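The chains referred to below are lettered A, B, ... by the order of the sequence lines, with proteins before strands, and numbering in each begins at 1. Just so it is clear, the structure is predicted and the values come from calculations on it, not from any experiment.
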Number of protein chains: 2
Amino acid sequence: MDKNLKRMATMQRMQVTGLELFYKQGYYNTSIDDILKELSLSKGAFYHHFESKEDFFIQIVENLVVRKMYSMLIEPIEGPDNPLELITNCFENALETAVHNELDFGFVLGNFLNEFNGRNPKIMKHLSDIIKVWEVNLVSSIQRGKFNGYVNRHIDSEGVAVFLMSSYIGIRTFMVENAPSARKYRFMTQIRQYFKSIATKEGAYN
Amino acid sequence: MDKNLKRMATMQRMQVTGLELFYKQGYYNTSIDDILKELSLSKGAFYHHFESKEDFFIQIVENLVVRKMYSMLIEPIEGPDNPLELITNCFENALETAVHNELDFGFVLGNFLNEFNGRNPKIMKHLSDIIKVWEVNLVSSIQRGKFNGYVNRHIDSEGVAVFLMSSYIGIRTFMVENAPSARKYRFMTQIRQYFKSIATKEGAYN
DNA sequence: GAATAAACCGACTAAGTGGTCTGTCGACAA
DNA sequence: TTGTCGACAGACCACTTAGTCGGTTTATTC
């Protein structure tokens, strides 16, 4: 039991540091030795716990990335309230975290999607699965919104989802670079503008 | 003169193939040997023409990427017509190219932005400069639209630009992965929806 | 046709890379 | 006390990487 705890602790440490470095430097540009140096651990330790670099990365995705994704972008939009409000607040919070915490892993996914696209189908599968969950949740959120009279019935829910995901991925790529706070503000204003155009008159969005 | 022509031809060949591979596999994941094998050229040839891998890449950006960027995303939105129409058509075309031609380099920039972010400031500088040109052109296009009565005066031009750029970067990341044509269609529909909401009544957008 | 210089070749180097393997060490069970 | 086993150490391997360098080819110029 105690042994198992130690095992878990070490693996966790490796994964956390791994994600941090993969995020900052990219997967292909980060060596296992980089991670091990950071932790003062050895090759032996690494390959005792993980099969390969790829296996290691997939475990990071399944443990850390998925969880962050759920807590930051999926759970906050569940519920019977006006989905346009929920999504606005959710993006607002997620982007705020991104502004203040360079290492929020709220959307590492965008980076990795880019890095593995057409290069590593196995890893891509894991990443797309997460995106799919996000998409499904967005779509059903919008549909609930239609049902509850918040969202205009003529609007294509799938379309809204694709559009929202695209914008979010884009702004995240974009915010890292320059004046993140100003860009966040501008982005959110336009999201509200867009939402107004797909809301019902009665729904009272904003 | 002829010598110079040959020099240019070889350099061009290297750059074209280089961009293709860097785009497909990523910069850090593509070796110079990969490129040279493709061209049946030697290390000597490469280092005779370019200082380093980094220098090589920067030249690719300055030659090929900048040009594509201008022809696909900047020039098409210049002109006195309704900028919302111009941008719609521009995105439509750019995304159509993306759907049919896996190697359209219309927005390699998104990939590279991601790959070099926080990793290689020198290269990032070159990439951000291009983005800045795009941004400036979008902003002035929107402002022209306001002036000419196509775009609502209360709208923040900078905001629209940031929002458009984000969405475009996002959809490009997103389209490569799955059902690009359907996603393109959905995306464009929502862009039109958004544009309607920032257009003037008289401007007759759509 | 000799001289010259640019274009190109490819063996080489030093520093990594992912991954293997033999081993050490301490906890714990018998 | 001894034996077992999981956590970890780190030397090592085969291979790849960006970049170097002495040399050869090729084309032009006089």
Side-chain angles (χ1 to χ4, degrees), chain A residues 1-61 63 112 115-116 119-123, chain B residues 1-61 63 112 115-116 119-123:
Chain A
M1 200 63 217
D2 203 35
K3 272 283 176 59
N4 204 9
L5 254 178
K6 174 154 203 202
R7 176 184 175 81
M8 299 294 278
T10 306
M11 287 175 78
Q12 183 78 4
R13 270 191 342 126
M14 285 179 177
Q15 291 183 26
V16 169
T17 306
L19 177 56
E20 188 179 323
L21 292 187
F22 287 146
Y23 180 54
K24 284 202 288 201
Q25 313 178 14
Y27 175 83
Y28 293 112
N29 201 29
T30 302
S31 70
I32 293 170
D33 282 330
D34 287 343
I35 299 163
L36 294 169
K37 204 183 295 164
E38 192 91 1
L39 294 164
S40 302
L41 282 172
S42 66
K43 272 274 170 67
F46 183 86
Y47 283 95
H48 178 68
H49 291 297
F50 301 99
E51 269 180 32
S52 63
K53 189 185 180 186
E54 190 179 276
D55 166 63
F56 176 58
F57 183 76
I58 290 174
Q59 291 208 40
I60 288 178
V61 169
N63 294 329
F112 292 146
E115 186 164 11
F116 293 111
R119 283 157 219 166
N120 188 322
K122 190 174 171 187
I123 290 183
Chain B
M1 199 64 215
D2 204 31
K3 269 285 175 59
N4 205 10
L5 255 179
K6 173 153 206 199
R7 175 183 177 82
M8 299 294 277
T10 306
M11 287 175 80
Q12 183 78 3
R13 272 193 339 129
M14 286 177 176
Q15 292 183 24
V16 169
T17 305
L19 177 55
E20 187 179 323
L21 292 187
F22 287 147
Y23 180 53
K24 284 202 288 201
Q25 315 177 11
Y27 175 83
Y28 292 112
N29 202 28
T30 301
S31 70
I32 292 170
D33 281 329
D34 288 343
I35 299 163
L36 294 169
K37 204 185 294 165
E38 193 90 2
L39 295 164
S40 303
L41 283 172
S42 66
K43 270 272 167 69
F46 182 87
Y47 283 95
H48 177 68
H49 291 298
F50 301 100
E51 269 179 32
S52 63
K53 189 185 179 185
E54 190 179 276
D55 166 64
F56 176 57
F57 183 77
I58 291 174
Q59 291 209 40
I60 288 178
V61 170
N63 292 331
F112 293 146
E115 186 164 9
F116 294 111
R119 284 159 217 163
N120 189 321
K122 190 173 170 190
I123 290 183

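Considering only the side chain of B:Ser42, C:dC8 comes nearest among C:dG18, C:dC8, D:dC8.
A close approach under 4.0 Å does not occur between any side-chain nitrogen or oxygen of B:Tyr47 and OP1 or OP2 of D:dT20. For the pair A:Arg7 and D:dG6, the criterion of a side-chain N or O lying under 4.0 Å from OP1 or OP2 is not met. Between B:Thr10 and C:dC8, a side-chain N or O to OP1/OP2 separation shorter than 4.0 Å is present.
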>> If you apply the rule side-chain contact (heavy atoms from CB on, under 4.5 Å), what do you find for B:Met11 with B:Asn63, and how did you get there?
In response: CA-CA 11 Å; B:Met11 287 175 80; B:Asn63 292 331; over 6 Å; no
>> With side-chain contact (heavy atoms from CB on, under 4.5 Å) as the criterion, how do A:Phe56 and A:Ile32 come out once you've worked through the C-alpha distance, each side chain's angles and the decisive distance to 0.1 Å?
In response: CA-CA 10 Å; A:Phe56 176 58; A:Ile32 293 170; 5.9 Å; no
>> Under the criterion side-chain contact (heavy atoms from CB on, under 4.5 Å), I'd like the reasoning laid out for A:Leu41 against A:Arg13: C-alpha separation, chi angles, the key distance, then a yes or no.
In response: CA-CA 10 Å; A:Leu41 282 172; A:Arg13 270 191 342 126; 3.7 Å; yes
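The side chain to side chain donor-acceptor pair (under 3.5 Å) with B:Ser31 is formed by just one residue from the set B:Asp34, B:Asn29, B:Asp33; it is B:Asp34. When each of A:Tyr27, A:Phe57, A:Tyr28 is checked for a ring-ring contact (aromatic ring centres under 6.0 Å, His included) with A:Phe112, only A:Phe57 meets the rule.
Proximity of residues 26-38 of chain B to DNA chain C (heavy atom under 4.0 angstrom from any strand atom) is not detected for any residue. For residues 48-60 of chain A, proximity to DNA chain D is found at A:His48, A:His49, defined as any non-hydrogen atom under 4.0 angstrom from a strand atom.
Going from atom CZ of B:Phe46 over to atom P of D:dT17 covers 13 Å, rounded to whole Å. A straight line from NZ of A:Lys43 to C1' of D:dC12 spans 10 Å, rounded to a whole angstrom.
In this structure, A:Lys122 and A:Ile58 approach most closely via the heavy-atom pair CE-CD1, 4.0 Å. In terms of heavy atoms, B:Arg119 sits closest to A:Lys24 at NE-O, 2.6 Å.
With hydrogens and angles ignored, the 3.5 Å screen pairs no side-chain donor or acceptor of B:Asn120 with any backbone N or O of B:Phe116.
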